[in-house]
Trainee: 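Supplied in structure tokens, the structure appears directly below.
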Amino acid sequence: MACYYYVPFQGHCSFRNPTLSFSLNFNFINTTHHLASSFKPFLRELEQHVFGVGVLKAAVKNTSVKLLDAFVDSAFQFVDYPLDPSQTNAAPVDEIKEAAVITNIHGDIPSEFPQGVYIRNGPNPLFGGLKSTKSVFGESSPIWVEGEGMLHALYFSKDINGNWTVVYNNRHVETDTFKLEKLRNKPSFLPAIQGDPLAVFTSFLLNLVRFGKPLKNISNTNVFEHSGKLYSIAENNLPQEIDILTLEALGDWDVNGAWNRSFTAHPKRVPGTGELVTMGIAATKPFVEVGVISADGKELVHKLDLKFDRCPLCHEIGVTKRYIVFMDCPLTVDVNRLIHGGKLIKYESEGNARIGIMPRYGDAGSIHWFKVKPNCTFHIFNCFEDGDEVVVWGCRALASAIPGPDPGSKEFAWFPTKFKPAPGKPFEDAISEDQLLFHRPYEWRLNVRTGAVKERNLIGANNFPMEFPMINGAFTGLKNKYGYTQVCHCDSIAATGMGRFGGLAKLFFEEQNTEEGSINVEYHMFERNTYCTGAAFVRKEGGAEEDDGWIITFVHHEDTNICQAYIIDTKNFLNEPVAKITLPCRVPD
């Protein structure tokens, strides 16, 4: 999953108001210590009387690592993760090394467009692509959202005469595990998410013993800003602070040592206070913790164990003026299930689903849980208070595309049967309640006084499926009128078995279509064989209305293999983009 952000420039290069994975929460810092714990007295005596303090420990550690590396090299074969030939924009790209000034601009960048930087974060695997492994233990593979993160940045600056300069740059997010594999110059971490249970579990343990962690810190899912600093994140680890001008990774952000676990890819800023709300999930207890970070980013002012009895793969958290909102869907991570021969990540279609509403500084006992229909909701438009109700708008499906297809799967082989279009029926018409993997805008109204739940689809069955919602960020946690999404291109999904997005949608939450009982929607569809993988709303400077602004997105033209940035006026959403900016290189899906 790739996500984007637009960061306006303010003052002298200060930045304010600027895309699935999980934590297994093991903390094996010194693996040699655990391997040799029963020999500690003997080792300590040798260290003191023969080798000198620390010498033997280093020797044992180096020998252990070399032996384990030799075992992995002999027992495991890395193989390329297969791609459908039609996925022309899935392959990784190289760093361009030097920022490039862009001169090929069709149309005009609006004069009211804010100076700033548009940043996309997404997977860009090392060594030519994702790798699966084969071994005597079986096969294991990554999930399709893995791969080292790469930032793609488009800088907009304007001189005193109003002339625009646009500069493009890209750079990998150089986490600790990125640097480790780069130094080794070969794939080293074994994929440990899906595949044969024995192979997955063995890979998990070998990574843990060799590197001190079972999974790579890929930092490839989103970028966000807090207190004038920019961060890259995937929720299997801590955020990486990013130098917005050079795109250099400056290290982990742990809130001055107060936050020591994974960090959601979609934290939320509280309206009014400017505090940042986050959560971290883990495969061992405590499964889910929530944190509230001060507006200046220096202090963790509240931290809470939610007392979950399972590890749900929660991808996003919501906020209102007073509350924190949790989506507890039946997509779970379970190491015990893996040990007993099951899947590490599994969606249970009949499992319990609920939404939790908690006062921002509450405890686990203050959470008001609302049982809802089983669903898989990764992304939220917004949450807000409406009288006694908390309203949640999200993109809801009835199954999960995570973990995704097994290696070698063809087209629909990994989809539930009901995802397939009926024989001879146009795919665009096959969008109904039983189309499990299609996400559609959905509403939950949760009454905190009576406990009542009302839920409904926001759009009719004749609309396109939609994912990756966004709004004007100034309305986060507040009642809003408009939302925007990417639009699934159903023909392409039918051909490749993977989600692709052939346009954008603007949703009018307060305008009802009386014939269908749904809200009104406008579509901005791209040219044939043109797809985007993320977008961001950019507020108009001095805009009076919520939808005064633009959507900016990177698109890829499959027929020409050219990437462009489109700027689309949200007030005139059906019109052609006001500007099309041709990039010097491809931006992968």
Side-chain angles (χ1 to χ4, degrees), residues 3-19 23 114 116-119 121 149 151 153 173-176 217 219-281 288-305 314-325 358-362 380 383 473-478 536 539:
C3 286
Y4 300 69
Y5 221 95
Y6 194 88
V7 191
F9 293 161
Q10 292 187 357
H12 300 283
C13 295
S14 63
F15 311 96
R16 291 182 183 273
N17 299 330
T19 55
S23 167
V117 56
Y118 173 52
I119 298 183
N121 187 9
L151 303 175
V173 182
E174 297 186 1
T175 66
D176 55 348
N217 179 8
S219 198
N220 71 359
T221 309
N222 195 18
V223 285
F224 68 93
E225 180 270 344
H226 187 60
S227 187
K229 295 182 179 180
L230 183 74
Y231 301 95
S232 168
I233 183 65
E235 62 235 37
N236 71 331
N237 219 298
L238 290 167
Q240 299 288 304
E241 184 180 347
I242 301 296
D243 183 319
I244 202 166
L245 298 180
T246 66
L247 303 183
E248 178 186 1
L250 303 178
D252 293 344
W253 181 45
D254 60 5
V255 196
N256 290 321
W259 187 264
N260 60 353
R261 58 190 290 122
S262 64
F263 197 103
T264 179
H266 297 282
K268 291 293 191 304
R269 185 174 289 108
V270 178
T273 72
E275 295 165 312
L276 190 72
V277 175
T278 186
M279 67 178 174
I281 63 172
V288 183
E289 288 189 328
V290 66
V292 180
I293 301 169
S294 61
D296 62 9
K298 297 179 179 179
E299 183 182 1
L300 184 67
V301 296
H302 187 58
K303 186 178 182 181
L304 174 68
D305 174 7
C314 304
H315 185 61
E316 185 159 5
I317 196 167
V319 297
T320 71
K321 284 184 176 181
R322 294 183 294 168
Y323 299 113
I324 299 173
V325 180
M358 184 190 83
R360 190 160 67 254
Y361 296 110
I380 298 170
C383 307
F475 288 82
T476 298
L478 306 173
R539 295 195 295 273

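What you see is a predicted model; the values in this text were computed from it and never measured. Position 1 is the first residue of the sequence; numbering continues from there.
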Trainee: Got Ser294 and Val255 here, is their nearest side-chain heavy-atom distance under 4.5 Å?
Mentor: no
Trainee: Give, for atom NZ of Lys229 and atom CG of Leu250, the distance between the pair rounded to the nearest 0.5 Å.
Mentor: 9.0 Å
Trainee: If you define the side chain from C-beta out and look only at heavy atoms, does anything of Thr273 sit under 4.5 Å from Arg360?
Mentor: yes
Trainee: Can you tell if the side chain of Thr175 reaches within under 4.5 Å of the side chain of Gln240, non-hydrogen atoms only?
Mentor: yes
Trainee: Under 4.5 Å between any side-chain heavy atoms of Ile324 and Met279, yes or no?
Mentor: no
Trainee: Which atom pair, heavy atoms only, marks the closest approach of Asn236 to Ser262?
Mentor: C-CB, 4.1 Å
Trainee: Could you tell me the separation between the CD1 atom of Ile233 and the CG atom of Leu238, rounded to the nearest 0.5 Å?
Mentor: 7.0 Å
Trainee: Spell out, as yes or no, whether a donor-acceptor pair under 3.5 Å connects the side chain of Asn256 to the backbone of Lys298.
Mentor: yes
Trainee: Does some side-chain heavy atom of Val277 sit less than 4.5 Å from a side-chain heavy atom of Val270?
Mentor: yes
Trainee: Roughly how far, to the nearest 0.5 Å, is CZ of Phe263 from CD1 of Ile293?
Mentor: 4.0 Å
Trainee: Would you say that Ile242 contacts Ile119 through its side chain, given a criterion of any heavy-atom pair below 4.5 Å between the two side chains?
Mentor: no
Trainee: Is a side-chain N or O of His302 found less than 3.5 angstrom from the main chain of Gly362, in a donor-acceptor match?
Mentor: yes
Trainee: Looking at Val301 and Glu275, what are the two nearest heavy atoms and their distance?
Mentor: CG2-OE2, 4.0 Å
Trainee: Please evaluate residues Ser219 and Asn217 with respect to the criterion side chain to side chain donor-acceptor pair (under 3.5 Å), reporting the C-alpha separation (whole Å), side-chain torsions for both, the decisive distance (0.1 Å), and the verdict.
Mentor: CA-CA 6 Å; Ser219 198; Asn217 179 8; 4.8 Å; no
Trainee: Is Trp259 close to Lys303 at the side-chain level, that is, under 4.5 Å between some pair of heavy atoms?
Mentor: yes
Trainee: Below 4.5 Å, heavy atoms only, C-beta onward: do His266 and Ile317 meet side chain to side chain?
Mentor: no
Trainee: Kindly give the heavy-atom pair with the smallest separation between His315 and Ala265, and that separation in Å.
Mentor: CE1-CB, 4.0 Å
